[in-house]
Number of protein chains: 2
Amino acid sequence: MQKITIQEIVRISIDLFRKQGYNRTSMNDLALACGLQKGSFYHYFNSKEALMQGVLNTLHQYYKNKIFSLAYNDDISAKARMESFFLKQEPIFTQDLAGCLFGNITLETISVEVEFRSVIQAFFSDWIAAFKHIFIADGCTDEMASQLAKQSVMEIEGALMMMRVFEDVEILRQACVSVLKKFKN
Amino acid sequence: MQKITIQEIVRISIDLFRKQGYNRTSMNDLALACGLQKGSFYHYFNSKEALMQGVLNTLHQYYKNKIFSLAYNDDISAKARMESFFLKQEPIFTQDLAGCLFGNITLETISVEVEFRSVIQAFFSDWIAAFKHIFIADGCTDEMASQLAKQSVMEIEGALMMMRVFEDVEILRQACVSVLKKFKN
DNA sequence: ATATCTCAACCAAACGTTTGTTTGGTTGAG
DNA sequence: CTCAACCAAACAAACGTTTGGTTGAGATAT
């Protein structure tokens with residue numbers, strides 16, 4: 001009988017990596033938070049890098065299934081879809097004022113730990129694609145939707161940074177409002 | 001006769017911290033890049049944290065004197081001021097595709113290394129204030145200028161993140177174009 | 001002008017601690 | 001009996017920092 005499931009380990013790791021960053025979070029930190037010895041961690045993942053890969057992949061899948069998918073719900077209006085998107089996203093990004101794991105890890109590691117680049121790129125590509133689909137549903141041209149989607153993702157990531165700098169979740173909310181103003185209908 | 005000046009040490013440190021982040025950059029890395037033994041570094045700064053503080057303060061001052069100041073040149077139009085701002089800023093942010101040191105360090109450290117928070121906050125406050133002054137010169141209300149300024153800084157920081165993710169400096173340029181579209185005159 | 005002193009600027013080596021990882025052994029459910 | 005699930009301990013390497021000593025240019029004294 002195991003003390004903890006892999007899913008729980010990943011969930012705890014997400015939290016820690018998001019708050020403390022990749023390099024600042026030690027295997028000991030992670031193990032302790034999971035109630036394990038750090039050596040026991042290697043029963044589940046055979047390196048810190050492998051753990052991070054698992055964490056990023058799991059989180060990417062979660063976003064695809066639970067959040068990005070909201071963009072493709074053609075039953076409701078484009079704007080309503082974006083609102084549901086934000087509603088789902090907000091509590092995740094605001095908890096502990098730690099923002100977006102992918103964004104944080106990007107600025108910390110992407111020039112040095114190149115092994116995370118492809119997952120990071122895939123995550124943001126999917127995010128942008130989801131937003132683009134919403135903007136097309138709003139009546140935008142392909143070109144225009146593409147531009148607005150990128151712009152919206154950047155605004156949110158920038159807002160998450162400012163949210164953490166000034167410790168004010170309202171900054172994120174205003175960014176979401178700003179994105180919603182881009183809609184025609 | 002010294003091998004290297006403090007100014008050069010700080011400049012080299014800025015480059016390394018910007019590329020590799022705070023925790024991933026060791027005192028050995030920094031010393032080697034400066035042609036010194038890592039122990040010799042403590043003749044100039046008595047801790048890694050003190051070095052980073054020096055780096056952040058120096059960079060903050062540089063921005064205030066050389067970049068943010070462009071916003072207050074009331075001889076030229078608001079839009080022209082923003083353009084000169086971007087022109088000065090771009091080569092700094094795009095070199096080595098490493099983005100903005102303050103932005104990078106924010107997402108890596110702000111939840112853990114709280115000692116950098118006040119410098120980071122001061123930097124972004126001054127940046128936003130500079131942009132706000134430009135938007136007021138463009139004829140915006142105080143409220144409107146404040147909002148546009150924050151929005152613009154967020155867009156640029158978000159764009160810097162995407163620039164690094166997709167290794168495409170064009171993303172930053174487009175963000176600047178997008179900001180320039182906010183001007184009435 | 002030469003000898004002496006001084007002190008900033010450095011080096012080489014070691015410090016204790018923490019890092020990620022490995023090893024060998026124990027436990028207990030099936 | 002077996003094997004996944006763990007622990008306790010050790011591992012080498014890297015970390016930030018300290019130590020003690022060397023160097024040499026410039027000030028001071030003779």
Side-chain angles (χ1 to χ4, degrees), chain A residues 1-58 101 104-105 108-109 111-116 119, chain B residues 1-58 101 104-105 108-109 111-116 119:
Chain A
M1 206 204 68
Q2 48 184 20
K3 291 177 117 186
I4 192 170
T5 66
I6 284 212
Q7 288 86 347
E8 285 174 310
I9 289 179
V10 168
R11 213 208 60 239
I12 291 171
S13 301
I14 289 174
D15 273 17
L16 271 182
F17 280 136
R18 207 164 60 97
K19 265 179 268 185
Q20 315 192 29
Y22 179 65
N23 292 291
R24 192 64 205 263
T25 305
S26 68
M27 293 300 268
N28 202 30
D29 289 341
L30 295 160
L32 252 62
C34 294
L36 293 174
Q37 291 286 110
K38 67 168 174 169
S40 311
F41 236 81
Y42 288 82
H43 182 258
Y44 296 93
F45 300 93
N46 46 39
S47 73
K48 188 185 181 184
E49 184 192 322
L51 167 62
M52 188 48 140
Q53 292 280 8
V55 160
L56 293 177
N57 282 319
T58 301
L101 174 65
N104 300 350
I105 260 49
E108 183 188 351
T109 72
S111 294
V112 186
E113 272 94 13
V114 283
E115 57 274 11
F116 303 142
V119 205
Chain B
M1 207 204 69
Q2 49 183 20
K3 292 176 117 185
I4 192 170
T5 65
I6 285 213
Q7 288 85 350
E8 285 174 311
I9 289 179
V10 169
R11 214 209 58 240
I12 290 171
S13 300
I14 289 174
D15 274 17
L16 271 182
F17 280 136
R18 206 165 59 95
K19 265 179 269 185
Q20 314 191 29
Y22 180 65
N23 291 293
R24 190 67 205 264
T25 304
S26 68
M27 292 301 267
N28 202 31
D29 289 341
L30 295 160
L32 253 61
C34 294
L36 293 174
Q37 291 286 111
K38 69 168 172 168
S40 312
F41 236 80
Y42 287 81
H43 183 258
Y44 296 93
F45 299 93
N46 46 40
S47 72
K48 188 185 181 184
E49 183 192 323
L51 167 61
M52 188 49 140
Q53 292 280 7
V55 160
L56 293 178
N57 282 319
T58 301
L101 174 64
N104 300 350
I105 261 48
E108 182 188 351
T109 72
S111 295
V112 186
E113 271 93 15
V114 282
E115 56 275 11
F116 302 142
V119 206

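Residue numbers begin at 1 in each chain, while the letters A, B, ... track the order of the sequences.
Each of N57(B), I105(B), V55(B) was scored for a side chain to side chain contact (heavy atoms under 4.5 Å, CB included) with V119(B), with one residue passing: N57(B).
Taken to the nearest 0.5 Å, the CG atom of L16(B) stands 12.0 Å off from the CZ atom of R24(B). Considering NZ of K19(B) and CG of D29(B), their distance stands at 11.0 Å, rounded to 0.5 Å. From M27(B), atom CE reaches atom OG of S40(B) across 10.5 Å, with rounding to the nearest 0.5 Å. The structure places CG of L56(B) at 10.5 Å from CD of E115(B), a figure rounded to the nearest 0.5 Å. Atoms CD1 and OG1, from I9(B) and T58(B) in turn, are 11.5 Å apart once rounded to the nearest 0.5 Å. Note that OG of S13(B) and CE of M52(B) are 9.0 Å apart. Values are rounded to the nearest 0.5 Å.
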(message) For a quick check, with a 4.0 angstrom heavy-atom cut-off, what is the B/S/- contact string for nucleotides 18-23 of chain C, read 5' to 3'?
(response) -BBBB-
(request) For nucleotides 24-30 of chain C, just jot down a letter per nucleotide in 5' to 3' order: B, S or -, based on protein non-hydrogen atoms under 4.0 Å. (result) -------
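Taking atom CZ on F41(B) and atom P on dC11(C), their separation rounds to 11 Å, with Å as the unit. The distance from atom NZ of K3(A) to atom C1' of dA4(D) is 15 Å, rounded to the nearest whole Å. The distance between atom CG of L36(A) and atom P of dA4(D), rounded to the nearest whole Å, is 17 Å. Residue E8(A) contributes atom CD, which lies 14 Å from atom P of dA5(D) at whole-angstrom precision.
Under the 30°/60° scheme for interplanar angles, the aromatic rings of F17(A) and Y22(A) are found to be tilted.
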(message) Let's go through E49(A) and F116(A) carefully: what are the C-alpha distance in whole Å and the side-chain angles of both, what is the deciding distance for side chain to side chain contact (heavy atoms under 4.5 Å, CB included) to 0.1 Å, and is it a yes or a no?
(response) CA-CA 9 Å; E49(A) 184 192 322; F116(A) 303 142; 3.9 Å; yes
(message) Determine whether L36(A) and L30(A) satisfy the following criterion, side chain to side chain contact (heavy atoms under 4.5 Å, CB included), listing intermediate values before the conclusion.
(response) CA-CA 9 Å; L36(A) 293 174; L30(A) 295 160; over 6 Å; no
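Nucleic acid contact class of Q37(B) (heavy atoms, under 4.0 Å, all strands): base.
Across all non-hydrogen atoms, the minimal contact from Q20(B) to T25(B) is CB-OG1, 3.1 Å.
For DNA chain C, runs of at least 3 consecutive pairs of the Watson-Crick or G-U wobble type, with both hydrogen-bonding distances under 3.5 angstrom, map to C:1-19 with D:12-30, C:21-30 with D:1-10.
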